[in-house]
Number of protein chains: 2
Amino acid sequence: MTTAELTLPAGPVDLRTIPTDATPGFEGDKEQGEKALAKLGPGLADLQERLFAARGTDQARSVLLVLQGMDTSGKGGVLRHTVGLIDPQGVRITSFKAPTKEELGHDFLWRIEKALPARGYVGVFDRSHYEDVLIARVRQLAPPEEIERRYDAINAFEADLVAQGTVLIKCMLHISAETQKERLLARLDDPTKHWKYNPGDLDERALWPAYREAYQIALERTNTEVAPWHVIASDRKWFRNLAIGRLLHEALAELGLGWPAADFDVEVEKQRLADEAPIT
Amino acid sequence: MTTAELTLPAGPVDLRTIPTDATPGFEGDKEQGEKALAKLGPGLADLQERLFAARGTDQARSVLLVLQGMDTSGKGGVLRHTVGLIDPQGVRITSFKAPTKEELGHDFLWRIEKALPARGYVGVFDRSHYEDVLIARVRQLAPPEEIERRYDAINAFEADLVAQGTVLIKCMLHISAETQKERLLARLDDPTKHWKYNPGDLDERALWPAYREAYQIALERTNTEVAPWHVIASDRKWFRNLAIGRLLHEALAELGLGWPAADFDVEVEKQRLADEAPIT
């Protein structure tokens with residue numbers, strides 16, 4: 001599987017022309033896809049440990065995975081199945097909800113900056129600063145000129161992040177309206193899933209075309225060379241999980257991180273242990 | 001396997017009389033132990049989801065797992081292998097290092113309170129407020145009367161936590177000095193593990209008897225009915241991981257959490273979906 005096919009080409013974006021049920025770059029079925037994801041696990045764990053080990057060195061880097069998508073597109077599933085493959089000590093997940101009063105008293109990027117992963121960590125944003133040009137645009141939560149300002153602000157912010165040494169992986173989980181309908185019905189049909197359902201979900205769903213347009217504008221305007229977008233066909237959960245696993249693996253592997261050299265004399269330390277007084 | 005045998009009896013504590021290489025309550029070898037832990041996974045995931053689902057209801061609870069132990073006792077291994085079985089969205093891990101200047105400007109519990117898991121979450125403390133009566137005692141980082149005050153402060157704090165609805169699971173990972181020596185040597189022998197080693201580790205190791213005494217006093221004085229200690233034989237990594245998995249599973253199961261009932265009319269919502277205008 002190559003990940004090149006997941007990268008959004010530059011230029012205008014028409015989400016209706018991008019399939020939601022394809023498996024670009026992967027020749028295999030669900031069972032093979034799930035096996036391929038499981039096989040990524042040990043490699044991901046090794047790469048994440050190298051990232052963590054390098055945090056105090058001049059090779060220190062961090063990774064930020066941004067997950068955006070309509071309700072039921074599977075952000076939680078990616079966290080469980082893909083991010084769950086990594087040692088939880090090295091992961092920092094932030095789920096962005098409607099901003100608090102305090103957050104609204106600041107620029108929209110204020111709460112985002114506070115949640116950035118420290119060097120050595122893999123940060124994951126479940127929703128992100130993109131909400132501020134998505135729901136904010138659809139629901140007119142800010143004046144048009146402020147929304148307009150934000151696209152450039154996001155690009156400048158992300159360029160700076162990358163320049164600081166953060167590897168940024170932006171993924172839009174792309175589902176069809178039909179798939180969302182099936183998933184909402186499945187939640188309604190299963191009493192153990194009622195807690196995940198909110199009647200407001202249908203109010204948002206009714207605005208599907210407006211959200212699609214807001215996504216298209218955001219994707220087009222923030223699809224920069226240093227921080228490109230990936231549009232992940234997400235009608236098939238297994239493909240969505242695998243595709244993001246591969247992106248994460250590829251990004252970590254590209255860092256080419258070795259293991260930090262000892263900053264002490266290994267033989268001296270062995271001798272100290274050999275010579276120690278008995279512990280009773 | 002029962003977990004009763006993991007609970008520390010009330011009264012004076014002599015760690016030298018508690019085996020570090022036993023497998024209390026489990027009849028099986030490493031392979032069977034690892035299988036038993038893997039088998040806990042789906043149940044743990046289900047229970048954690050119930051905890052999360054209940055967070056907005058009057059059944060809302062939280063769980064706090066406190067991990068203490070000497071260097072190389074395996075706190076990181078428990079995070080990776082046991083806590084790693086749970087959906088990372090529902091977990092909040094805090095690794096407590098030496099306090100910052102800002103933290104030192106406050107009471108020792110200030111940074112602990114800030115890191116408490118919100119309702120619905122499983123919090124894990126990798127080291128904790130117990131450092132303030134362990135290294136603080138051994139290294140005389142605070143006056144004796146302040147150390148003395150802290151045992152009661154911890155008991156009052158933990159009793160309040162439990163009264164608020166937090167399930168507190170306190171585990172001391174118990175290894176022998178010989179096991180620590182083997183693990184430190186293994187780190188020195190493997191260049192991919194040099195980053196985990198610090199010459200200061202041997203300085204702390206030389207104080208093993210003082211740490212043992214500090215642990216014994218802390219365990220005895222904070223082994224309360226509402227917040228008992230578990231001493232986990234940790235020379236065998238697989239047993240340590242399994243034992244803590246069982247404690248976590250048992251604590252979650254005891255909450256007896258069901259699924260929150262819908263606070264909307266399910267049939268009305270189904271009808272709304274059935275009646276919606278086509279999305280194009």
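Letters go in sequence order (proteins before strands), and every chain restarts at 1.
Of the two parts of A:Glu276, only the side chain, counted from C-beta on, holds a non-hydrogen atom closer than 4.5 Å to a non-hydrogen atom of chain B. Both the backbone and the side chain of A:Thr192 come within less than 4.5 Å of a heavy atom in chain B. In this structure, chain B has a heavy atom under 4.5 Å from the side chain of A:Ala177, while its backbone stays farther away. Contact annotation for A:Arg212: only side-chain heavy atoms (C-beta onward) come within less than 4.5 Å of a heavy atom of chain B. Both the backbone and the side chain of A:Leu185 come within contact range of chain B, with heavy atoms under 4.5 Å apart. Neither the backbone nor the side chain of B:Ser95 comes within contact range of chain A; no heavy atoms are under 4.5 Å apart. For B:Asp203, the parts sitting under 4.5 Å from any heavy atom of chain A are the backbone and the side chain alike. Only the backbone of B:Pro191 comes within less than 4.5 Å of a heavy atom in chain A; its side chain stays farther off. Residue contact with chain B, scored on non-hydrogen atoms closer than 4.5 Å, involves the side chain of A:Asp126 exclusively. Both the backbone and the side chain of A:Pro199 come within contact range of chain B, with heavy atoms under 4.5 Å apart.
Contact check on A:Glu49 versus B:Lys196 returns a salt bridge, with a Lys/Arg side-chain nitrogen under 4.0 Å from an Asp/Glu carboxylate oxygen.
Chosen from B:Asp265, B:Leu188, B:Asn198, B:Thr280, the residue pairing most often with chain A at heavy-atom distances under 4.5 Å is B:Leu188. Counting heavy-atom pairs under 4.5 Å between each of A:Asp201, A:Ile93, A:Val268 and chain B puts A:Ile93 at the top.
Counting heavy atoms from C-beta on, the side chains of A:Leu273 and B:Gln180 never come closer than 4.5 Å. The side-chain heavy atoms of B:Asp190 and A:Trp259, taken from C-beta on, include no pair separated by under 4.5 Å. Looking at A:Glu269 and B:Leu184, their side chains never come closer than 4.5 Å, going by heavy atoms from C-beta outward. Side-chain contact between B:Lys270 and A:Asp189: present, with at least one pair of heavy atoms (C-beta onward) separated by less than 4.5 Å.
Nearest approach of B:Gly76 to A:Gln89, heavy atoms of both residues: O-NE2, 3.2 Å.
Close approach to chain A, defined as a heavy atom under 4.5 Å from one of its heavy atoms, is seen in B:Ala53, B:Arg55 of residues 53-70 of chain B, taken by number.
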